[in-house]
Amino acid sequence: MPEKILIVDDEPNMLRLLKAIVTGKTPYEVTTTNNPLEVTQLLQDGDFDLVITDLKMPLLDGMDLIDMVKKFDPTLPIVMITAYGTIETAEEAIHKGAYDYITKPFRQEAILITINRALEWRRMQKELSALKQPSS
Amino acid sequence: MWKFLKSFLKEEEDEQGKLQEKFGHFRALLESNNQTLALMADMEEKLAGEFLFDSGYLHTTTAELTEHVVRIVTELNLLTSDRYRELVPISREIAADIHATLEAAPEIPVTPYILPLSSLERTDVPSVGSKMANLGDVQRYLGLRVPAGFAITATAYKRFLEGSGLAQELAESLAQADIHDLTGLEALSTELQARVRQATLPEDLEAAITEQAREFAGRRLAVRSSAVGEDTEFSFAGQFATLLNVDPDRLGEHYKAVVASKFTSRAIFYWKYQNFSVEELPMAVGCLDMVPARCAGVMFSLDPHAPTHDTVVITAVWGLGKYAVDGTISPDYYEVSRQAGHELRSRRVAVKDRALGCDPAGGLREMALPPERAAAPCLETDQLKELAAAALRLEEHFGGPQDVEWAVDEGGGLVVLQSRPLRVAAAPPVRERPISAEAPPPLAKFGVRAVGGTAAGPVFILQRESQVAEIPAGAVVVTRQPSSRLVLVMDRIAAIISEVGSPTDHMTILAREFRVPTLVEVKGAFKNLLQGQMVTVVADHGEIYPGVLTELLAQDCRTPLGEPWRGNPVFQKLREALRRISPLNLLDPHHPDFVAQNCRTLHDITRFCHEKAMDAMFNLDAQEALKSKGAMRLATELPINLFVLDLGGGLRASAEGAVGLADITCPALLALLRGFHDPRLRWGGQVAVDLKGFMSVLANTLYDVNKADRELGGKSFAIISDTYMNFNSRLGYHFGALDAYVGPEPNDNYISFQFKGGAANTERRERRARLLTLLLEDIGFKAQAIGDVVRARLVKLSQEESEATLEMVGRVLAFARQLDLALASEALMNRVRQAFQEEDYQLTFLRPEESAP
């Protein structure tokens, strides 16, 4: 079963490119939305392994999204996309619990590496929690 | 007397101050020049398709770029007393053009205000939005039933906004909106929506709407948004208004209400953040016959949560489908096989105790349903089959899984209300990376990738710029320093290798535009690569291999720009904007076309200003500076009378009065003096001259040439700083000038050289000019001799290379000091050149009396 990624960015062009790159070069499934207000519903429906989100979005920004995602599933990794020159905010996002951040514009390879790393971490978290479960 | 002295001192101070000020402008110009080149290189790189960027990037980068170009123009004019004022309007015009390109909204096609649904098809998306355009296709090509209706087009929207004055009003309100104040945004949204609803429709639009409404008199309409881009690029799901069961008599009002719903706070945020204009996302409106549905719902041609299950998913409620769409009540849920026969896989019939219906008085009315009706399935097996078949036909027609709104009318007939792409995650095959090649050891592997890619071809060693025309197609051009003249062949060469250069220089920016793999900083390329030798250049790894390595070429990542970039609007805008940014039209500073009026791009302006700024520095009125109080004589045993004026950081702080070599900190002057002090040079004694040459000297002067150095030659002077040197000298009977910038940033660095005159006759003076040109070319300069004037320039060397070159220039200058007297023939000139190359700076072969035992 391929792992599933939810990408949230208010710019549709960015979404289209990201989706094309990730689905073109990895086996992962990608769902996109440019409407952060849809994210709660998508998370409930989707069983995602990774959320990639833009930081600056209308009405609900990436920071709010971290809270939302963490409330839904504290182990779900979040990768924050930030604009050039907003390193402080990116660091704040990490403090808030984002797994990693990537600064726009970025190379295709860079986002693929970040995704792979985040999913690897997710796998390890899952294995860890399986080990911690008292054997029945 | 005191007054006189005071004014004299003040003047001196002013002279030095003036020079310092000029130098400040020059430095500022260089700084912005570098920033500009870096930004252009960055944008070109983004165009290659390896990066993801958004419109925010475009706006920030172009804003920065134009700011720097404005600064360059300003600083040049400050440096040259406004000599290039015409650049101000030119740069402004180019900047405005770039800005317009970025702001440009997708054009709204000109159509009538109203188009009947029966005339629409998918290609009409830009006019009527995808909702209505797709419905047109459904009716026209699939023969599925859709309600009769019409679209009020994007043209009508534009007319409404412009004709009512709303466009202006809204733009002004939006300009003041603060996107971070969400409460404020909500308030603004409410206010704007009210303004749209209250605005007066332009007469012609009103007339068209009224006339169309008359055709539907007595019927009821569903009026809903069909914004252009709504379903494809933007997700505004459920945010725009839909008015159901309304009277055509008040269509104008309904129309305005739907248009008003475009101004949600979210949409307003977009316009602000993306710098959209009000014309973007034009709101076309669909008006359809209201279908008084017996039952209705939504279906997906493929289960989005389980695409492999191969089922069509259908939900249904009694009455109008709104309750199924917005989740007011739980609908019936059916899974039907996608395979022929469309057997029912599973069914979950809900208790639907309410239904939404059309109120005869207009609007909607909720009705309570009796228990047996509530519990009954909305759809029979045959209807499910019909629906599934329709869903698959829609999927096939639109080329992907569909999300379909449908209704079954009172007569039991299926009506399609909307079909749009369904978001489904599909797992495509994984692509393998190519296996790395078994390649012979590379010839060179220390280059810096300036433009990526792999290419092979025969080496063409570009000795001098004038050979550009000789470069054969498919050649790998090897050059000593970057040459923007290569643009002339950029479309037909395979690759470029340069011994110096940077990923941001002019040549590289051009190469990137043409996607020619380019390596810079390839030390020793000139020596190690042979003319005509076949090589493969792997720019991404900075490697050059002997022969043609097809395996490496096959891995060339320079794929033609395909999807998803081709159709990406942000990408297209970048490409469009770059047309006024990066092409270089001003190639040759000596060409009569090298004038401000011919600057057509920001690159042209940058190039032009840089050139003119270097000229301005070169031509500093340095004689005046000598009067300055700060000018100090250099104590040296060499027969030169050198005065030094420090503009800041060129001398040690303690230096006062006469300065010694130890006081100098300016790296350029130090390097030049190192060259002068080369022990192999000979400053004293006479260079042997044949009688003719000697006579020609006598004809000019009766002075001993060495004496002339000191007394006739006059003063030499150097205006210096920590990174800069302007050196003027009279050595013998000639005039030599050097202007150099030597600092840590290679883009800033340059050495300009000029030389003129001499004591001998024209023929010998010109011969010396030619000799100097050759000697300078031998050490990497682009040099040119016109008559007895030599002009040469060398740019973008590293600090270390600049210093080494200046040291060589020092040797050349001293070496060539009085050679005009000696250069009786071409053969002799060649012999002298050879002597220099062999480091025989004493020219012993010209001094038979000294070489004798």
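Per chain, numbering begins at 1; letters A, B, ... match sequence-line order. Computed over heavy atoms, backbone and side chain alike; hydrogens, waters and symmetry mates excluded.
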Please classify the contact between Ile5(A) and chain B as side chain, backbone, both or neither, with a heavy-atom cut-off of under 4.5 Å. neither

List the steps, then state whether side chain to side chain contact (heavy atoms under 4.5 Å, CB included) holds for Leu52(B) with Lys104(A). CA-CA 7 Å; Leu52(B) 274 87; Lys104(A) 272 193 285 199; over 6 Å; no

Sorted by chain and residue number, the salt bridge (Lys or Arg N to Asp or Glu O under 4.0 Å) partners of Arg107(A) (sequence neighbours excluded) come out as Glu45(B), Glu50(B)

Pro105(A) to Phe53(B) - nearest heavy-atom pair and separation: CB-CB, 3.7 Å

If you draw a 6.0 Å radius around CD in Glu3(A), do more than 12 non-hydrogen atoms from other residues or ligands fall strictly inside? yes

Find the distance between OH (Tyr57(B)) and CE (Met14(A)) and round it off to the nearest 0.5 Å. 12.0 Å

